[in-house]
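Nothing fancy with the numbering, it's 1 onward along the sequence.
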Amino acid sequence: MKNKIVALFFNYNISLNELDKLIRTINSNKELYSFFMSSNYSSEQKEQYIKSTLSKYFSLDLIKYFVNILENNMIDKLTSILNEVSEEITKRDLSIHITIFSVEKIDDNQINKIKQIYEKKYRAKQSTIEVKLDKTLIGGLKVIVNGDVYDNTIKNKLSKIKEKIQYSNYEIEQAISEELEDFKDELENYEYGEVVKVDEEIVNISGLAKCKYGEILVFEDGSKALALNLNKDSIGAVLLEKNKTIKIGMKVSRSGRPASIKASEALLGKVIDVFGNTIDGTENIKEGILKPIFTKAPGIMSRKAINRPLVTGITAVDTMVPIGKGQRELIIGDKQTGKTTLALDSIINQKDKDVVCIYVSIGQKTSSVENIIKILKEKDALKHTIIIVSSASDLAAKQYIAPYAGCAVAEYFMHNLKKDVLIVYDDLTKHAISYRTISLLLRRPPGREAYPGDIFYIHSRLLERASQLSDELGGGSMTALPIVETEEGDISSYIPTNIISITDGQIHLDTSLFHSGQRPAINAGLSVSRVGSEAQSKMMKLVSSSIRLSLSQYYDLEIFSEFGADLEEGTKKKLENGKKILEALKQNRHELYDEAKEVVITYLVLNNLLEDVDLSNINQFINNFIIFIKDKEIYNNIINYSKDTYSEFKAQIESLLIEFKKKANNG
């Protein structure tokens with residue numbers, strides 16, 4: 001059947017380029033693809049939709065051809081059909097006709113270059129050239145090859161800008177800047193340079209005058225590098241893979257595209273490298289959207305206020321330093337204080353909550369990453385998670401681009417699929433070290449602690465991309481949890497202070513608290529969420545509003561009590577209650593609570609309702625009480641209570657507590 005469809009292509013006056021454009025349009029639009037695949041709509045309805053909508057953008061012959069594909073139930077074979085049509089064209093016609101449209105006369109050298117480019121592109125043995133002048137194009141070139149149109153004229157770019165402004169939510173400035181960024185002479189991508197110097201990870205290249213920052217460069221042997229230094233006479237590029245075959249004098253060409261990663265829903269549950277290749281033994285994804293890894297953060301008008309909670313299942317976090325969807329909350333602390341565990345628990349708790357999670361490993365040991373994968377599998381959390389790995393053995397360049405690659409994949413889900421995304425960068429300390437390594441090898445001037453002067457910009461351009469999008473743009477969000485490692489609790493060192501100033505708050509994990517058995521070891525004094533109660537449900541906001549104040553008073557009294565002074569009875573009670581609050585906030589790793597349980601725990605300890613319970617029995621008592629009320633109607637409705645019904649909640653909980661204590665005492 002497919003052979004019949006491929007042969008049918010040649011009965012219509014359509015080009016391969018036009019067919020490719022139609023197929024990319026359908027494959028990149030999830031709703032459109034699902035509509036054509038759905039059995040809920042008749043062939044007549046689908047055909048009517050094609051003729052009424054797609055005919056505005058595509059030729060009548062192409063619409064007729066597409067209807068044939070639809071009638072033969074070949075929608076799921078679109079990419080395969082395109083490839084086979086391309087192969088058939090190559091077999092049938094080894095000669096091409098090139099028509100060049102230009103504002104001014106072009107010389108023979110340019111004509112020959114264009115001829116070489118398209119003969120190579122079309123695998124043609126021969127070609128005929130025709131040059132036409134057209135003043136209306138304003139500038140640039142338009143090339144037509146066997147019916148395929150390559151239009152890089154100013155007139156075409158202006159037309160695209162007009163369409164973006166008229167038919168989409170693009171801001172005017174954004175539409176213009178994107179088109180100007182893409183605008184380039186077709187021949188620029190075919191520049192060639194030459195290797196003049198090779199170090200372990202750095203290559204210096206002469207030529208490539210039109211090369212752009214962050215562009216991928218390709219060597220004769222297929223190796224790739226990232227252009228980072230654009231000097232007057234040379235390019236400084238960092239290798240993306242270990243390679244011993246690159247030598248002085250080797251030819252280098254521009255790829256014409258920035259560093260990118262292929263993004264798709266098919267990545268969920270996979271472990272991939274920074275290029276999107278799977279490294280867990282599964283097949284690479286074949287279809288997806290190529291997303292540039294370095295992009296602009298959404299503008300102010302593209303965002304809205306953060307007001308939806310991202311519940312972590314960790315009581316200490318959800319009560320003291322709540323995280324909202326779209327927030328950037330830093331996790332900071334010394335080595336081995338539970339930073340990664342806290343981030344993993346946040347990922348695990350998003351199971352069945354329609355939140356896509358991305359974990360980016362930067363410069364970690366392979367054994368550590370394997371352990372993380374094992375934990376996520378055991379907790380059935382890998383199916384909603386994508387793991388992106390750049391290990392400690394990888395080159396510095398791969399460690400440098402890893403978080404940006406993860407962010408690009410997150411943006412695919414946020415922008416294209418309108419989903420909520422949680423992304424963890426573990427950790428940005430190693431990321432800063434990798435960028436320092438690259439910068440020093442590129443002979444950039446070192447600054448404080450040998451870091452380059454733009455280290456702040458490197459992290460801000462990453463973290464600013466986390467946001468809550470406006471309703472007009474679909475309302476998707478990206479919540480970022482960057483991790484930073486400190487030494488001996490010093491949060492005032494260079495990288496931590498930089499990232500603290502970029503994020504919306506930080507969760508500080510304290511070494512002394514960790515070793516004293518407080519897990520998670522959150523320092524209430526140094527931890528803060530600048531979004532605050534806006535990132536909490538109404539009920540959580542009501543019960544937890546005084547928790548930080550209570551702990552602050554406890555810490556002050558604890559210091560005072562160390563002097564051995566006689567304490568008043570009221571002071572002793574406050575000290576005892578502070579200890580019970582801390583005890584109730586203890587949680588074993590990967591043991592997560594639902595929001596209703598967190599509300600009950602917080603309400604009990606902050607209102608001194610466990611005064612008669614021994615400190616050592618607090619957690620056992622609370623767990624038994626939760627079991628006692630779990631089948632009651634109140635438990636399932638806890639998060640639905642509000643300020644108006646709060647008194648009703650208090651009365652019911654306290655009544656149930658009295659009943660439970662009586663049963664416990666009698667038992």
Side-chain angles (χ1 to χ4, degrees), residues 198-205 213-219 221-229 235-246 252 255 257-263 267 270-280 284-285 290-295 358-370 372-373 386-411 423-442 444 451-452 454-455 458-459 461-462 465 482-483 485 495:
V198 186
D199 286 328
E200 188 176 346
E201 298 183 27
I202 303 297
V203 180
N204 285 351
I205 303 158
Y213 181 87
E215 186 177 343
I216 296 293
L217 304 178
V218 183
F219 296 83
D221 64 350
S223 304
K224 294 178 181 177
L226 185 69
L228 288 182
N229 263 18
I235 303 291
V238 286
L239 291 172
L240 295 170
E241 299 284 357
K242 292 178 181 176
N243 196 303
K244 295 181 180 178
T245 63
I246 295 174
V252 188
S255 68
R257 63 177 180 83
S260 306
I261 185 170
K262 190 179 281 188
L267 288 176
K270 292 184 180 289
V271 184
I272 60 174
D273 64 14
V274 298
F275 308 116
N277 302 313
T278 56
I279 53 176
D280 56 2
N284 287 327
I285 63 167
L290 208 58
K291 299 283 287 184
I293 67 170
F294 300 111
T295 59
I358 298 172
Y359 177 84
V360 184
S361 164
I362 309 166
Q364 293 190 58
K365 293 183 292 185
T366 305
S367 57
S368 300
V369 179
E370 287 173 350
I372 287 165
I373 296 167
I386 301 166
I387 298 177
I388 299 176
V389 179
S390 60
S391 67
S393 60
D394 285 333
L395 293 180
K398 284 184 77 172
Q399 295 181 40
Y400 163 58
I401 67 174
Y404 299 103
C407 192
V409 174
E411 284 173 332
I423 184 165
V424 175
Y425 303 115
D426 191 6
D427 65 62
L428 291 190
T429 311
K430 293 185 180 71
H431 180 250
I433 291 169
S434 70
Y435 187 65
R436 177 173 64 183
T437 302
I438 290 168
S439 299
L440 292 173
L441 288 170
L442 287 168
R444 292 180 178 177
Y451 288 104
D454 62 346
I455 190 67
I458 289 305
H459 287 141
R461 75 191 294 211
L462 170 71
R465 287 158 71 176
I483 295 175
E485 189 175 292
I495 298 302

Out of curiosity, [X] [atom1] to [Y] [atom2], how far, rounded to the nearest 0.5 Å?
X	Y	atom1	atom2	result
D454	R444	CG	CZ	6.0 Å
Y425	I483	OH	CD1	12.0 Å
S223	L217	OG	CG	12.0 Å
S393	K242	OG	NZ	5.5 Å
I272	D280	CD1	CG	9.5 Å
I401	S434	CD1	OG	10.0 Å

Applying ring pair (Phe, Tyr, Trp, His ring centres under 6.0 Å) to Y359 and not counting sequence neighbours gives none
Residues in ring pair (Phe, Tyr, Trp, His ring centres under 6.0 Å) contact with Y435, at least two apart in sequence or another chain: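 Scan of Y435 (ring pair (Phe, Tyr, Trp, His ring centres under 6.0 Å), adjacent residues dropped) gives Y400.
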Any idea which heavy atoms bring [X] and [Y] closest together, and the distance?
X	Y	value
G406	I388	CA-CD1, 3.3 Å
L239	A397	O-CB, 3.3 Å
N204	G236	OD1-CA, 3.9 Å
I423	A410	CD1-CB, 4.3 Å
L428	P482	CD1-CB, 3.6 Å
Q399	S390	CA-OG, 3.6 Å

side-chain contact (heavy atoms from CB on, under 4.5 Å) between H431 and I458, worked out: CA-CA 10 Å; H431 180 250; I458 289 305; 3.6 Å; yes
Candidate pair V424 and V360, rule side-chain contact (heavy atoms from CB on, under 4.5 Å), full reasoning: CA-CA 6 Å; V424 175; V360 184; over 6 Å; no
Please evaluate residues V409 and K291 with respect to the criterion side-chain contact (heavy atoms from CB on, under 4.5 Å), reporting the C-alpha separation (whole Å), side-chain torsions for both, the decisive distance (0.1 Å), and the verdict. CA-CA 7 Å; V409 174; K291 299 283 287 184; over 6 Å; no
Could you list the residues that satisfy side chain to side chain donor-acceptor pair (under 3.5 Å) with D199, not counting sequence neighbours? none
Please check if any side-chain donor atom of D426 sits under 3.5 Å from a side-chain acceptor atom of S361, or the reverse.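 Note: D426 and S361 side chains miss the donor-acceptor criterion.
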Between D273 and D394, does the side-chain contact (heavy atoms from CB on, under 4.5 Å) criterion hold? Intermediate values first, please. CA-CA 10 Å; D273 64 14; D394 285 333; over 6 Å; no
Can you find a heavy atom in the side chain of [X] that is under 4.5 Å from one in the side chain of [Y]?
X	Y	value
Q364	I372	yes
I202	N229	no
L395	V238	no
I216	L226	yes

Do T429 side-chain atoms and E485 backbone N/O form a donor-acceptor pair below 3.5 Å? yes
Salt-bridge criterion met for R465 and E411 (N-O under 4.0 Å):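 Yes, R465 and E411 are salt-bridged.
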Pick one: which of T278, N277, L267 meets side chain to side chain contact (heavy atoms under 4.5 Å, CB included) with I285?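 Among T278, N277, L267, the one meeting side chain to side chain contact (heavy atoms under 4.5 Å, CB included) with I285 is L267.
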